[in-house]
Structure formats: structure tokens, C-alpha cells
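See below for the structure under consideration.
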Amino acid sequence: MHSNRYCNRIIVLPFSVLLEIRVKPDNSGVVTDGVKHSMNPFCEIAVEEAVKLKEKKLIKEVVAVSCGPQQSQETIRTALAMGADRGIHVEVAGKDYETLGPLQVSKIMAALAKKEDAQLIILGKQAIDDDCNQTGQMTAALLDWPQGTFASEVSLDGDKVKVVREIDGGLETIKISTPAVLTADLRLNTPRYATLPNIMKAKKKKIANVKPADLGVDLTSRLEVLKVEEPPQRQAGVKVETVEDLVGKLKETGRI
Amino acid sequence: MLGLLRQSFRQISRPWGTCQAAWRCSSSRAAPDVASDHAAASSFPPLQTYSEEESMMREAVKKYAQERIAPFVSKMDENSEMDEEVIKSLFEQGLMGIEIDPEYGGTGSTFFSSILVIEELAKVDPSVAVLCDIQNTLINTLFVQLGTPAQKEQYLSRLSTDMVGSFCLSEAESGSDAFALKTRAEKHKDYYIINGSKMWISNAEHAGVFLVMANVDPSAGYRGITCFIVDRDTEGLEICKKENKLGLRASSTCPLNFDNVKVPEKNILGKVGHGYKYAIGMLNEGRIGIAAQMVGLAQGCFDHTVPYTRQRVQFGKRIFDFQGMQHQIAHVATQIEAARLLTYNAARLKEAGRPFIKEACMAKYFTSEVATLTTSKCIEWMGGVGFTKDYPIEKYYRDCKIGTIYEGTTNVQLSTMAKFIDKEYDY
């Protein structure tokens with residue numbers, strides 16, 4: 001029998017990603033105006049894991065946090081409809097939002113984790129629009145907490161967490177102490193749909209509004225985006241008849 | 001004299017009213033259709049303005065339909081059979097008890113949410129949409145509005161969690177002429193004996209409860225029609241082999257036989273002899289649901305077709321780039337938009353407690369015609385492949401036809417509208 005006083009609160013960080021990517025004409029970035037957003041798939045998996053842990057009565061409360069403009073509230077509502085208890089919307093808009101990167105988000109998460117006295121932070125391993133794969137790791141470093149990244153299986157055991165990680169060589173199992181940061185990989189679970197009754201219940205759940213300044217976080221970016229370009233158009237292939245032709249062509253184009 | 005003046009003012013003001021409404025609709029395109037409460041609170045928001053909960057529901061159903069229903073559509077159509085998993089997941093998602101109170105396990109949402117859900121489901125499979133439509137707009141509404149506390153207790157929680165319902169009005173000899181129904185219910189002490197048959201009953205294959213319109217007193221004509229709650233396992237109730245249909249094949253449509261079916265008096269829904277009123281009332285609302293189904297069907301078909309026209313190249317350009325095609329496509333898109341707005345407006349009118357019957361008839365009539373036009377055109381735009389079963393287009397073409405027929409044929413809608421129009425000019 002383990003008591004669940006060790007794991008009271010989980011914070012999940014669902015991010016919204018763009019559904020359609022088009023580079024801006026001036027190559028300074030990607031078009032965001034009027035483009036539909038949706039919750040990052042890995043973050044959905046993270047939220048699902050947190051809700052599952054709560055359903056198993058291993059933790060008491062799931063808090064969904066999102067950083068961004070007004071639209072981020074939708075992402076939080078979706079997390080609430082999936083089963084999170086309450087939400088925190090960290091308002092970041094305009095220019096600040098354009099330069100918001102993993103470092104800034106990690107600082108915000110670290111500040112919130114301390115403020116909310118969380119035992120676990122679960123995030124998606126990476127956002128599918130920028131593929132950074134940094135926020136989880138940086139957050140753990142800022143808090144000096146252990147991390148279990150690329151999790152494909154998570155189990156709580158008293159004040160420890162057993163994490164099975166997907167690594168290049170296969171699977172690695174580690175045991176870390178809470179408080180800890182976990183990042184969700186694809187095979188961790190299959191996220192549930194927000195059922196209509198849960199969407200109705202989510203309306204009553206609270207979303208608190210917070211500004212980064214309130215958390216003492218400086219949003220200045222250390223990075224400057226120089227250029228964003230589309231990948232080169234895929235060229236048509238060439239068919240050859242024999243292996244000799246193939247070798248010849250490869251030599252011709254300087255590939256070998 | 002004053003009376004006459006008042007009448008003529010009303011005549012003059014109406015055209016202005018409609019002009020204003022049209023202007024409001026056409027200027028709506030700027031913002032995407034996610035609403036904030038601010039937009040809704042401002043005067044005259046566009047028809048495509050949704051509450052946050054309505055938007056979330058639509059997104060959730062869209063995703064669910066794509067992932068959990070789409071893979072089964074073709075097989076269900078071919079086998080003329082609704083997959084049990086699909087029905088189960090509809091209940092799990094809370095789509096079968098949208099307006100039922102949470103105390104009975106329902107979602108506790110609004111009529112407009114039901115309309116949005118039906119539209120989204122119909123984009124993927126109109127058969128699934130009609131199952132959901134009948135449950136929500138006919139069966140659930142009848143129980144909610146007319147059920148005694150005991151009846152609600154017994155049925156509403158089942159209807160929202162695992163039991164499908166069927167509405168039994170039509171017979172072989174009475175379709176549009178619904179009140180000429182012959183199924184008879186004879187009173188004995190505290191029960192009734194029902195004899196007769198019903199035809200064209202949707203959902204019958206899977207239904208656990210049947211709302212049966214039977215006449216307790218044929219000498220009273222339609223004023224004898226009474227609504228009975230009949231459980232599936234009642235002795236004497238026979239669910240016959242389903243029809244082999246052109247479209248909506250996954251939706252079971254069966255004849256029913258009633259052979260001395262004994263139904264206790266407590267199973268009467270509402271009042272004896274008032275069944276005809278309930279039937280008309282429910283069908284007025286159900287009409288809007290069918291309109292939503294037709295809009296979804298048309299849009300779903302359209303959404304499958306346009307990408308093809310943008311890919312297919314003939315004579316060195318995309319077939320979409322030919323002016324002839326562009327004009328046809330734009331025309332159909334306009335029709336679908338108009339159909340949608342008619343439907344949404346009828347739904348909002350009903351929710352606002354305002355008169356909506358004429359508008360509901362217009363919506364059902366217009367959307368079913370638009371669905372027929374859209375699907376027919378889509379097959380043409382797809383060319384040869386549109387004619388094959390390898391592509392989903394021909395299914396939409398087959399599915400749409402019932403739209404002009406069931407829940408009130410086009411001719412019935414038009415006659416009903418004409419009655420209203422006639423009255424409007426009474427002075």
C-alpha cells in the first residue's frame with residue numbers, strides 16, 4: 001500500500017500547433033494569422049497519461065497549462081474536456097509569442113511548478129511544428145528535477161516513477177524520484193476523445209489567467225530567426241535500365 | 001381604419017426585415033467561425049456564430065467521425081448493416097443523449113448542438129447521422145416533453161447510454177396520409193392489445209424501445225391516435241426483414257408486425273387520443289434534423305470532390321481551372337451555403353421559442369434538393385471514377401435521394417409552406 005500524498009498534482013503543458021504550414025512571403029517565419037490551431041498530438045498523449053493517473057487514484061489533481069495568445073484557451077478547454085481539473089493560461093501575445101521558444105516556456109513552467117507545488121510535470125516530447133524537443137529537458141534542468149523523456153510507459157511507485165523510454169537502441173527502463181519531469185512519446189497511450197458530456201462539464205472548470213511578468217519570467221529571446229524557407233521542391237526521378245546505367249548516372253551527378 | 005393601417009405597415013416592414021437579414025448574412029465572411037462570447041453578445045451576429053461549447057462539440061465530433069466511423073462506412077453500406085462498434089461508440093461519445101439532462105446520463109446540451117452533431121456525422125456517413133437524428137430529435141424529445149417521471153426514469157437513462165429507439169408511424173397504406181393509419185389498440189381494463197403493422201421503420205434492427213402510434217378509437221378518426229411505448233421483447237411484436245435499399249443502407253428500415261401485443265396503460269406516452277399532435281409536433285423539429293443531415297451529406301460529398309478536381313489534369317491544366325467547372329462548382333457551393341443558413345436559422349428560431357414551422361419546411365425541402373444537385377454534379381466532376389464504388393461519391397448520390405421523401409415528402413413540405421404563405425396575406 002502506498003499513500004498518495006507523494007503525488008498530488010500533475011501539471012501538463014498542452015501546446016497548440018498549426019494545422020497548415022506556409023512560409024511567409026518575406027521568409028521571416030510561418031504564416032500564423034487565421035490558420036487553424038489544434039492540440040499538439042504528443043501533448044494529447046501527455047494529457048491522457050495525466051488523466052489516467054488521476055483515474056487510477058494515484059494523483060489528486062491535473063492542471064493544464066498553456067502559454068500563448070487568447071486562442072490557447074481552446075487548447076486548455078480541450079484538456080479540461082479530456083479530464084484535467086483546472087487550467088492556467090499564461091498570456092503571451094504579439095511579438096513575444098513569435099519569439100516564444102523552449103527556453104522561455106521552460107522558465108514559465110519552472111516558476112509555475114514551484115508556485116503550484118507540483119509533483120509531476122508531463123509534456124509532449126516535442127511540438128510537431130518546430131520539432132524542438134527541448135522544453136521538457138530544459139524545465140527539468142531549471143528545477144533541478146530528474147527527467148524521464150520519450151516515455152512509452154509510466155508507472156508510479158510510492159515517491160518514485162518507473163519510466164520505460166524509447167531510445168535508438170530499443171527500450172530503457174529507469175526509476176526516478178518525484179518531483180520529476182516526463183515527456184510523452186507516441187506509444188505511451190491512445191488519447192481519448194473529448195465526449196460531449198465532458199465538454200459540457202469542462203465549461204464549469206476554471207481557467208486562471210497569469211502573465212509571465214507575474215511569475216518573474218523574462219521572455220527575451222536569445223535566438224534571432226534569420227530566415228525561414230521551404231524545403232526544395234522534390235525533383236522528378238530518373239529511370240534507368242541497368243545497374244551499369246545506375247552507376248554511370250550516380251558518377252555523372254557527382255554522387256559517387 | 002386603424003386596423004387596416006396597422007396591417008399595411010406590417011406588409012411594408014416585412015421586406016425591410018428580410019433585406020436586413022440578407023445583408024447581415026453576406027457580410028459575415030471576414031472572421032473565422034469560432035465565436036467569443038463578445039461576438040454573440042453584439043447585436044446581430046452572423047448565423048455561423050457558435051458558442052464555445054458548440055464549437056468544441058463540432059470539433060470533437062468531426063475528429064471522432066473521421067477516426068471511428070469513416071473506416072467502416074464502405075463496409076456498412078455494402079453489407080447493409082450498421083456496425084455494433086459504431087453504435088456503441090456513438091453512445092460512449094454522448095451523441096445519443098445530447099439534450100437529455102445529465103441526471104439521466106445525457107449530455108445536457110441544446111437543440112442546436114444536436115443539429116451540428118448531425119451535420120458533422122452526415123459528412124462522413126448519412127446513415128449514422130440519421131440514427132443519431134431520430135434518437136435525439138424524435139425519441140428523446142418525446143420522452144423529455146411527454147414522459148411521466150416514472151417513464152423518464154425508466155427510459156431516459158437507457159436512451160442516453162445504450163438503447164436505441166424507433167418511431168413507428170408509417171404503414172403500408174399510410175405514408176404521407178399518416179393519420180389514416182390502421183394499427184389498432186383495443187382497451188381492456190388496464191392494458192391495451194395492439195394489432196396491425198408498421199412499415200419503413202428506421203433503426204428497427206437495433207432498437208430496444210418502439211414508440212408506436214396506434215388508434216384506440218377509429219370512429220374518432222385521427223383523434224383516436226395514441227402513442228404507446230413498446231419494449232422490444234414484448235410478446236407478439238415481430239421485427240421483419242429489413243428493406244434492401246438504394247441508399248442509407250446501413251440504417252435498418254424494417255416492417256413491424258403487431259400480433260395481439262399487450263401493452264400496459266402506464267406505457268401510454270402523453271394523453272390518449274393526442275398522438276396525432278405529438279407526431280406533427282415532433283416531425284416539425286425532426287425536419288430540421290433531416291435538413292442538417294442533407295447539408296452534411298452535400299458538404300461531405302463536395303469535400304471529397306473538389307480536391308480531385310484540383311489534382312486531375314486534362315489538356316494541360318487542372319480541371320478546376322476550366323471556367324465551366326468553376327462556375328458549376330461555385331454555384332453548388334452557394335446552394336450548400338444557402339441550405340446551411342436556412343437550417344441554422346430554423347434551428348435558432350426553434351431554440352428562441354419563435355414560430356419556426358414554415359422555416360423548418362423550407363430548410364428540409366431546400367436542403368434535400370441541394371443534396372440531390374450536389375451529389376449528381378460531384379459524380380460528373382469526378383468523371384469516370386465518380387461512377388465507381390472505389391470512390392465514396394456514388395454512395396452520397398444514392399444516399400441523398402431519400403431526403404426528398406422521408407419525414408415529409410417535398411410535396412408535403414411545399415403544401416405546408418403554401419398554407420403559411422396563404423395565411424400571411426389574410427387581411
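In the text below, chain A, chain B and the rest are named by the order of the sequence lines, each starting its count at 1.
- Contact residues of residues 81-93 of chain A toward chain B are Ala81(A) (heavy-atom distance under 4.5 Å).
- Rounded to the nearest 0.5 Å, atoms CZ (Arg58(B)) and CD1 (Ile199(A)) are 12.5 Å apart.
- Between the CD atom of Glu59(B) and the CD atom of Glu74(A) there is a distance of 8.0 Å, given to the nearest 0.5 Å.
- For CD of Glu116(A), the number of neighbouring non-hydrogen atoms (other residues, nucleotides, ligands) closer than 6.0 Å is greater than 12.
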For residues 63-71 of chain B, dump all side-chain donor-acceptor pairs below 3.5 Å to protein atoms at least two apart in sequence or in another chain.
from     : atom 1 : to        : atom 2 : distance (Å)
Tyr64(B) : OH     : Ser89(B)  : OG     : 2.8
Tyr64(B) : OH     : Leu90(B)  : N      : 3.3
Glu67(B) : OE1    : Tyr193(A) : OH     : 2.6

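- For Glu241(A), the CD atom counts as loosely surrounded, since its 6.0 Å shell holds 12 or fewer non-hydrogen atoms of other residues, nucleotides or ligands.
- Ala60(B) approaches Ala194(A) most closely through the heavy-atom pair CB-O, 3.6 Å.
- In this structure, the side chains of Arg77(A) and Glu53(B) stay at 4.5 Å or more apart for every pair of heavy atoms.
- Of all heavy-atom pairs spanning Ile98(B) and Leu196(A), the tightest one is CG1-CD2, 4.1 Å.
- The shortest heavy-atom contact between Pro197(A) and Gln93(B) is CD-O, 3.6 Å.
- The residue among Leu95(B), Val61(B), Thr107(B) with the most heavy atom pairs within less than 4.5 Å of chain A is Thr107(B).
- With a 6.0 Å radius and a threshold of 12 heavy atoms from other residues, nucleotides or ligands, Arg310(B) has its CZ atom at or below the threshold.
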